[in-house]
Amino acid sequence: MHLSRSLLSLHLVAAAAAAAVLLPTSPSLSQPIPPSQDAWYTAPSGWNGSAPGTILRIRQAPGNLTSEAQIANASAAYNILYRTTDSHFQPSWAVTTLFIPKTEYLSPSGRLALLSFQFAYDSADVDSSPSYGIYNDLAVTVPSLGVPSQTATINLALGNGWFVQTPDFEGPQAAFGAVVQEGHATLDAQRAVLSLAKTVLAVEPDKVTVALWGYSGGSVATAAAAELQVQYAPELTLAGAASGGLVTNLSTTLDGFNGSAIAGDLVSSVLGLMAEYPAADAYIRSRLVPATAAKFLGTYNRTLLNATAYWDNVDVYSYFIGGREDLFNSSVMKKIFAYDTVLGVYGVPTTPLYFYKAVGDEYCPVRETDALVNQYSATNPDITYQRNTVGGHVDELINGQPGAFEWLWGIFNESHIPLAACSIQNVTVNISSTNS
Ligand SMILES: *[C@@H]1O[C@H](CO)[C@@H](O)[C@H](O)[C@H]1NC(C)=O
Ligand SMILES: *[C@@H]1O[C@H](CO)[C@@H](O)[C@H](O)[C@H]1NC(C)=O
Ligand SMILES: *[C@@H]1O[C@H](CO)[C@@H](O)[C@H](O)[C@H]1NC(C)=O
Ligand SMILES: *[C@@H]1O[C@H](CO)[C@@H](O)[C@H](O)[C@H]1NC(C)=O
Ligand SMILES: *[C@@H]1O[C@H](CO)[C@@H](O)[C@H](O)[C@H]1NC(C)=O
Ligand SMILES: *[C@@H]1O[C@H](CO)[C@@H](O)[C@H](O)[C@H]1NC(C)=O
Ligand SMILES: *[C@@H]1O[C@H](CO)[C@@H](O)[C@H](O)[C@H]1NC(C)=O
Ligand SMILES: *[C@@H]1O[C@H](CO)[C@@H](O)[C@H](O)[C@H]1NC(C)=O
Ligand SMILES: *[C@@H]1O[C@H](CO)[C@@H](O)[C@H](O)[C@H]1NC(C)=O
Ligand SMILES: *[C@@H]1O[C@H](CO)[C@@H](O)[C@H](O)[C@H]1NC(C)=O
Ligand SMILES: *[C@@H]1O[C@H](CO)[C@@H](O)[C@H](O)[C@H]1NC(C)=O
């Protein structure tokens, strides 16, 4: 059995009344506007009384996002603004972008495939949120870093016939680093899209296989969602979660960022935590070297690639009066680092898991992923973990991609057999051109 496009269209016609309300047929904006200047990125009044995952606004994605030059394998794209819950467990909202494939894949048992792809958008600037970043920073390759276009991955997933959604999981404050916020927003994005599928396509949630995927900055949101799901979204069935280049413990990773090609990530994650935590904001401002404080804080207005270029190889700790210890030896920051920037503390994912990591990862040490896999596997043995002996963090973004696609295919086509024991392999995969 195969769900043809016309059949899907029939569903759309059958639900025309709801569709007319929920799915606008033409873009409301001919060009995207940065979220900081786009009034659409505000919640309607009374929003905070709604349940997590409730759709608050929906529009067709601005401009020609699905044109040949951009996400060509999508037939349509929608921005959905939905209710979520921040790191303080207070009502918040976020936006996800849902891409419709040109031809839908249907599994042997008649399920659609929904991939939630968490971008590594690593920024405290709300204008780097994926719903806007897909038009610029996330669409380009960065030869100096060896980073490929992240939207190219989405195109491939859509080409498989998978629906794809890409949540702005850092939320309206761009709280980069705040793991609980990121996990909640990722889970609520699934709720929002599943409710849309039910209303518009008359497809019940159990006819959609949901899998999550993210690398690096996107891996945190992915793994956090898998950990938090058990308690925060128990009604949701996740069929699998794939995390590459996992950032298990931000504290360790910040030391790796300092002075590196992505030192901007250190600045942006401190700013992201300041945005989420007023106490951190007051404390960090009091510890910034006055002469350079404006430069540090100005990074709130630097998008991903702008900040990366600006902070290239900078000794970020020198921006603090007391150096590195200002960040790590403060009671305010210690608490945040312990409760909102580490994995392995919210719960054990019950879903099948796939991890891939370069043994030589210079930012997020492989030993930490080894430890997390070991911790999870005592409760959930359905873990496939590929340790690549080739390359570093950025190389693995490319080298690990085919393996992740293959594992996700197994989830979507229902061939994945639950593992009774965790499968850890040392592999040698070298397809990236930047390996040294
Ligand atoms: C929820 O909305 C009400 C009224 O709009 C407001 O007074 C309250 O502060 C809001 N709560 C949060 C957590 O935003
Ligand atoms: C979008 O596509 C329409 C029709 O194909 C075209 O007229 C318009 O110029 C395009 N806009 C941009 C920004 O490319
Ligand atoms: C679209 O998907 C097909 C696979 O079906 C793939 O070969 C093609 O490269 C994808 N297009 C883009 C622009 O990535
Ligand atoms: C995270 O890393 C820091 C620094 O490496 C360490 O002090 C802390 O104990 C780690 N936290 C966890 C939960 O492993
Ligand atoms: C931060 O990076 C600089 C290199 O830019 C290095 O000299 C310094 O020792 C690093 N600081 C710490 C605490 O590791
Ligand atoms: C960022 O830009 C906005 C608008 O231009 C400005 O109001 C704000 O002060 C800037 N923030 C920082 C930290 O520079
Ligand atoms: C980078 O961001 C700064 C601060 O907002 C802005 O002044 C500058 O024009 C940006 N540079 C580029 C190349 O976008
Ligand atoms: C950390 O802070 C404590 C108390 O505030 C202080 O005694 C200690 O010397 C500090 N450690 C470092 C390495 O700065
Ligand atoms: C990976 O392949 C490239 C050529 O494509 C080669 O230059 C490099 O040495 C290889 N790296 C490793 C670790 O084998
Ligand atoms: C399902 O996916 C797996 C993993 O990629 C693949 O080996 C298998 O051939 C696929 N089966 C079908 C029926 O497509
Ligand atoms: C993978 O390699 C490490 C050394 O890097 C070794 O300690 C470990 O036993 C190997 N694991 C497997 C499953 O072969």
Side-chain angles (χ1 to χ4, degrees), residues 32-39 41-42 121-129 132-133 135-145 170 172-176 262-265 267-278 280-282 284-312 314 316 319 353-362 364-374 376-377 381 383-392 395-396 399-400 403 419-430:
I33 299 173
S36 64
Q37 295 159 36
D38 184 348
Y41 287 79
T42 53
Y121 69 105
D122 301 20
S123 177
D125 182 349
V126 73
D127 293 340
S128 281
S129 300
Y132 181 69
Y135 297 88
N136 41 72
D137 284 15
L138 297 175
V140 300
T141 58
V142 189
S144 59
L145 295 174
E170 294 176 11
Q173 315 268 20
F176 179 38
I262 56 172
D265 277 35
V267 179
S268 295
S269 48
V270 172
L271 293 176
L273 293 173
M274 289 166 69
E276 188 78 1
Y277 292 93
D281 183 78
I284 295 290
R285 283 176 193 269
S286 77
R287 300 308 301 165
L288 288 172
V289 173
T292 51
K295 177 176 167 181
F296 192 93
L297 296 169
T299 304
Y300 271 128
N301 283 346
R302 290 185 184 275
T303 57
L304 169 62
L305 296 180
N306 186 319
T308 304
Y310 192 66
W311 291 97
D312 186 20
V314 171
V316 175
Y319 284 69
L353 300 170
Y354 181 78
F355 294 101
Y356 55 108
K357 185 96 182 187
V359 170
D361 192 311
E362 64 277 48
C364 336
V366 73
R367 65 182 146 76
E368 292 191 340
T369 307
D370 293 349
L372 188 70
V373 165
N374 187 47
Y376 284 167
S377 65
I383 302 178
T384 305
Y385 177 25
Q386 305 239 308
R387 302 167 86 254
N388 192 0
T389 59
V390 177
D395 302 309
E396 185 63 8
N399 290 332
L419 302 179
C422 169
S423 165
I424 305 177
Q425 287 175 293
N426 290 321
V427 298
T428 304
V429 181
N430 180 8

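Remember, it's 1-based here, ligands and their atoms both numbered in the order they're listed.
Protein heavy atom nearest atom 3 (C) of ligand 11, with residue, atom name and distance: N426 ND2, 3.6 Å. The protein heavy-atom contact nearest to atom 1 (C) of ligand 6 is N301 ND2, 1.5 Å. Regarding atom 5 (O) of ligand 11, its nearest protein heavy-atom neighbour is R387 NH1, 4.0 Å. Counting protein heavy atoms only, atom 13 (C) of ligand 11 is closest to I424 O, 3.4 Å.
Interface of N306 with ligand 7, defined as ligand atoms under 4.0 Å from a residue heavy atom, comprises 1 (C), 2 (O), 3 (C), 8 (C), 10 (C), 11 (N), 12 (C), 14 (O). Atoms of ligand 6 found under 4.0 Å from any heavy atom of L297, numbered from 1 in the order shown, are 13 (C).
For atom 11 (N) of ligand 6, a protein heavy-atom neighbour is found at a distance under 4.0 Å. Not a single protein heavy atom sits closer than 4.0 Å to atom 7 (O) of ligand 11.
Under 4.0 Å is where a charged nitrogen must lie from a carboxylate oxygen, and between D370 and R387 at least one such pair does.
Using the six-membered ring where Trp is involved, F296 and Y319 have ring planes that are tilted, between 30° and 60° apart.
Of the N and O atoms on the side chains of T389 and T428, at least one donor lies less than 3.5 Å from an acceptor on the other residue. Using modelled atom types, one finds a donor on one side chain and an acceptor on the other under 3.5 Å when comparing S36 with D127.
Within the 3.5 Å criterion, the main-chain N or O of G392 finds a donor-acceptor partner in the side chain of D395.
Summarising the geometry, atom OG belonging to S423 is positioned 13.0 Å from atom CZ belonging to F355; distances are rounded to the nearest 0.5 Å.
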